[in-house]
Structure formats: C-alpha cells, structure tokens
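Have a look at the structure below before the remarks.
One-based numbering along the sequence shown.
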Amino acid sequence: MFFRDVIGQEEVKQRLIQEVNEGRIPHAQLICGPEGVGKIPLTIAYARYISCSNRSETDACGVCPSCVKFNKLVHPDVHFVFPIVNKAKSPKVSVCADFLPQWREQLLTSPYFNLNHWLNNIGAENKQAQIFANESDEILKKLSLKSSEGGFKITIVWLPEKLHPVCANKLLKLLEEPPERTIFLLVSEMPDMILPTIQSRTQRMNVRKIDEASIDRVLQTKYSIQPADSLSVAHLANGNFIKALETIHLNEENQLFFDLFVSLMRLSYQRKIREMKMWSEQVAGMGRERQKNFLEYCQRMIRENFIFNLHQRDLTYMTISEQNFATRFAPFVNERNVMGIMDELSEAQIHIEQNVNAKMVFFDFSLKMIVLLKQ
C-alpha cells in the first residue's frame, strides 16, 4: 500500500509526508475518521514511507529491502494490533499473532473494509470482538527487541476503542514512557470511546470523508463503471468507499438489512404481533455484531426518510430500492416521532452491547414502533 493507492485525502497525505521529510514524526498519533475513508490504507502507506530507505518527495520507492517486505506486510519492525475473538476449542486466550495470516490477506486483497468484514473473514459468528488483556504483553515483548533494520519500530493499533481496559492501561504506560525510536499509530472510528488519558498522549489527525470526484474516478478506472452510474454511486457513498463497493457489488448484508427494515415497518404498521415476534427471533439469530450493524442501518434509514420529506435530492443518500420504499414510507417519519424512534434505536443498541437477550430487545422495539408510527 503506497500513498498513491489511497483514494483522495491529498491534504492528509501531504501533511504526513511533510512530517517525515522535516524529521518531526510524533511518537504517537491518533488517526480518526468515519468508516470507509481509507484510514488503514493511509496508515500503512505512512508506515511504509517512514521505513523506506530511498523515499522520494511524494512516496516510498517500492524497491528497497524495507518496501519489498511491506509488499507482503512481513516487515519485522511493523506490528499490528486489531480486534479478535477467541479461537474455537482453544484452551488459551487468542492473540493477534494467531490471526496474522488472515489479517495480511484482508489488507492485501481488500484494504477498504470494516469490522464486520473482518469478523466474517475470521469466522467470529456470535462473538463480540475485542483486543484482549494479554495482547499488551505481546506488544511489550515485540517492542523490547532491537530494530532489525536500525529504523523505527512501528505499532499499528486498528480500532483502539476495542481495547480491554487492562490492555488500554498498559498501552497508556507505553505511550507515557515510549521505548526509543518507537512509533504508535492508533486508527480509530470512535475516538470518544478511547481512554481520555490515551487521547491526551497522542497527536490527533482527523481524516475526512473522501470527495465524490475521487470515488467517481476510481469507480471508472478500476471497476469499469459507466460515468453516469459512477457519479450516482459516488453520491450515494457519501464519502465512504466501502459503501461505494457494497453498492456496485449488491452487498448481500445490505439487502438483508433493507428487507428486515421494510418487513418490520410494515408489520408494526399493520399490528401483526405474531409475525413481529417471529421477526424478532430471526434478527436475534444473526449474532451481536450484525445486530449492532442492523440497528445502525435502521438509524440511517430513519434519518434518510425524514430528510426525504424535504424533497432535496442532494441531501439524501439512498439506493434506488431504498428511495422507492421511501416514497411511501417517508410521510410516516415526521417531527413528532423521529426523535422518539432514534432514541429507541439507540437504547436497543446499548442493550445489545450489554448482552441483553436479543429476542426481548427487538420484540420490545417492534412493539414501540406500533405507537411511534401512528404519531
């Protein structure tokens, strides 16, 4: 992954390149931004540029010994930390090293991905991912070794908001007293969930949404999408390249979420209690991470349908099938009930994260929708 492979983000690239060329690389950076804006490809390109022994003013050389190792993500001075689940039937608690082959495959084949894609890749099923407490010992062990090439030792932590409290506190100690020539790159989508003391010891960099023109250009050149279609997809993506890919690949999960959302709204409006109970059981069988993603999807759909009532096409970000449904459903989402619906969805999400019985959570939400849709 080079800077030239990162979609858009020219301003951030220039800032990172300038830091390296001027010799003022912070020992700990918190790279924040919404899903799908290219934070992890950008971070890996930055790590490659730092490690490159023959870099140019715009990118790494691609041919030096360091770059050759980066081509397969096997550089001995670059360590990855990411959310995982315990391996099935394993007597010991898993660490990130157990999942390195899948991690490298994910980054090399599809660097624009989210937590759900990663969990599907490692077969997480119904388990909730986190960075376990004993991972801190692995980090300490790796950083205690000498740099193999005499350069910086770089630790990339993807989604530090998933750190176990014990691991987070040990990482904090490392950030306070970092080993010599060590760089920490924390890549976060929800920085407010990270320990405030960790935030205060890192230099924060915000990565914005990708501009529509850059997404449009990549869709045409790399994916051979027709100009008219690529413009529409780029607008719907709203700066999220993962969403753009899902739109052109007709993502199965998005279609499932759409069908479940439509089904719930129809059943609640018709007050079909028995069918609503069956719907709740279906959603309860999906697994915690997918349930959280579904609730996020519902929040987005409520928001989009509320805005759809304003008849401002530039403000809505829905697929064609979602827009077709919105023409009939949007009038039922109004200023009298929109905040109530969003509050119930947020509460359901909190309950799912706290491992409350999923059948109860979703059946309770569906019953409340009966009242809310009539307002």
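Between the K243 side chain and the L236 main chain, a donor and an acceptor come within less than 3.5 Å of each other. Side chain of D211 to backbone of G8: no donor-acceptor contact under 3.5 angstrom is found. Of the possible donor and acceptor atoms, one in the side chain of Q323 sits under 3.5 Å from a partner among the backbone N and O of M318. For Q9 (side chain) and V207 (main-chain N/O), no donor-acceptor pair under 3.5 Å exists by modelled atom type. Within the 3.5 Å criterion, the main-chain N or O of M265 finds no donor-acceptor partner in the side chain of S268. Put simply, the side chain of K153 never gets that close to the backbone of K142: no donor and acceptor are under 3.5 Å apart. Using modelled atom types, one side-chain atom of N337 and one backbone atom of N334 make a donor-acceptor pair closer than 3.5 Å. Not a single donor-acceptor pair under 3.5 Å links the side chain of S232 to the backbone N or O of D229. Judged by distance alone, the side chain of Y49 and the main-chain N or O of S56 form a donor-acceptor pair under 3.5 Å. Between the side chain of Q199 and the backbone N or O of I194 there is at least one donor-acceptor pair closer than 3.5 Å.
Within 6.0 Å of the CZ atom in R104, the count of heavy atoms belonging to other residues, nucleotides or ligands exceeds 12. Residue-environment remark: CZ (R24) exceeds the threshold of 12 foreign heavy atoms within 6.0 Å. Other residues, nucleotides and ligands contribute only 12 or fewer heavy atoms inside 6.0 Å of the CD atom of E11.
Within the model, atoms CG of N293 and CG of N116 stand 4.5 Å from one another, a figure rounded to the nearest 0.5 Å. Taken from CG in D259 to CZ in F257, the straight-line distance is 11.5 Å, to the nearest 0.5 Å. Between the OG atom in S200 and the CD atom in E176 there is a gap of 8.0 Å [rounded to 0.5 Å]. Put simply, CG on D216 and CD1 on I225 are 10.5 Å apart, with the number rounded to the nearest 0.5 Å. Note: E177 CD to L175 CG = 11.0 Å, rounded to the nearest 0.5 Å. With rounding to the nearest 0.5 angstrom, the CD1 atom of I44 is 11.0 Å from the CD1 atom of I154.
Taking the six-membered ring for Trp and the full ring otherwise, the centers of Y317 and H235 sit less than 6.0 Å from each other.
When side chains are defined from C-beta on, L30 does not count as touching I198, because their heavy atoms never get closer than 4.5 Å. Within the 4.5 Å cutoff, the side chain of F332 has no heavy atoms near those of the K374 side chain.
Results of the side chain to side chain contact (heavy atoms under 4.5 Å, CB included) test with V361 over E347, H351, Q291 single out H351 as the only residue that passes. When the options Q14, R15, E22 are evaluated for a side chain to side chain donor-acceptor pair (under 3.5 Å) with Q18, the one that passes is E22.
The salt bridge (charged side-chain N to carboxylate O under 4.0 Å, His left out) pairs that include a residue from residues 49-72 are R4-D59, K69-E149, where partners are two or more places apart or lie in different chains. Listed by first and then second residue, the salt bridge (charged side-chain N to carboxylate O under 4.0 Å, His left out) pairs involving residues 32-52 are K39-E189 (not counting sequence neighbours). Pairs passing the ring-ring contact (aromatic ring centres under 6.0 Å, His included) check and including a residue from residues 134-156, sequence neighbours excluded, do not occur. Pairs engaging residues 288-312 under the salt bridge (charged side-chain N to carboxylate O under 4.0 Å, His left out) rule: E253-R290, E289-K292, R300-E322 [sequence neighbours left out]. Within the structure, every pair that satisfies the side chain to side chain donor-acceptor pair (under 3.5 Å) test and touches residues 358-368, not counting sequence neighbours, is listed here: E344-K368, D364-K368.
Summarising the geometry of L260 relative to W279, their closest heavy-atom pair is O-NE1, 3.1 Å, with the distance given to 0.1 Å. Contact between F113 and L107 at its shortest, heavy atoms only, is CE2-CD2, 3.6 Å. The two residues V338 and I302 have their closest heavy-atom pair at CG2-CG2, 4.0 Å. Shown here for P83 and W158, the closest heavy-atom pair between the two residues is CD-O, 3.4 Å. The two residues S94 and N134 make their nearest non-hydrogen contact at O-OD1, 4.0 Å. Nearest heavy-atom pair, V187 versus I40, reported as atom, atom and distance to 0.1 Å: CG1-N, 4.2 Å.
The aromatic rings of F362 and F294 are tilted relative to each other, their planes meeting at an angle between 30° and 60°. In this structure, Y46 and F3 have tilted ring planes: the angle between them lies in the 30° to 60° band.
Tracing side-chain contacts under 4.5 Å through hydrophobic residues (I, L, V, M, F, W, Y), one never reaches L145 starting from I156; they form parts of separate clusters. Placement of L171 and I31 in two distinct hydrophobic clusters is found when ILVMFWY residues are connected by side-chain heavy-atom separations under 4.5 Å, directly or transitively.
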Q. Checking side chain to side chain donor-acceptor pair (under 3.5 Å) for the pair H117/N120: CA distance, chi angles, key distance, verdict?
A. CA-CA 5 Å; H117 296 150; N120 286 338; over 6 Å; no
Q) Could you go step by step and tell me if T182 and L174 meet the side chain to side chain contact (heavy atoms under 4.5 Å, CB included) rule? A) CA-CA 10 Å; T182 298; L174 276 173; over 6 Å; no
Q: Verify side chain to side chain contact (heavy atoms under 4.5 Å, CB included) between L159 and F82, making sure each step is shown before the conclusion.
A: CA-CA 7 Å; L159 303 185; F82 41 84; over 6 Å; no
Q) How far apart are the C-alpha atoms of I273 and L367, what are their side-chain angles, what is the distance that settles it, and do they pass the side chain to side chain contact (heavy atoms under 4.5 Å, CB included) test? A) CA-CA 8 Å; I273 306 297; L367 290 172; 3.9 Å; yes
Q | Working for side chain to side chain contact (heavy atoms under 4.5 Å, CB included), residues D137 and K170 | A | CA-CA 9 Å; D137 298 329; K170 287 190 179 179; 3.3 Å; yes
Q | Pair N206-R204, side chain to side chain donor-acceptor pair (under 3.5 Å): steps then yes or no | A | CA-CA 7 Å; N206 293 315; R204 181 163 172 165; 3.0 Å; yes
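Partners of F241 by ring-ring contact (aromatic ring centres under 6.0 Å, His included), not counting sequence neighbours, listed by chain and number: Y112. A search for side chain to side chain donor-acceptor pair (under 3.5 Å) contacts involving E353 returns nothing, not counting sequence neighbours. The side chain to side chain donor-acceptor pair (under 3.5 Å) check on S148 picks up D77, with sequence neighbours excluded. E10 pairs by the side chain to side chain donor-acceptor pair (under 3.5 Å) definition with K13, not counting sequence neighbours. Qualifying ring-ring contact (aromatic ring centres under 6.0 Å, His included) partners for H75, counting only residues two or more places apart in sequence or in other chains: F70.
The hydrophobic cluster around L310 extends to I307, L315, counting ILVMFWY residues whose side-chain heavy atoms fall within less than 4.5 Å of a member. The hydrophobic cluster containing M190 also includes M193, under a criterion of side-chain heavy atoms closer than 4.5 Å among ILVMFWY residues, counted directly or through chains of members.
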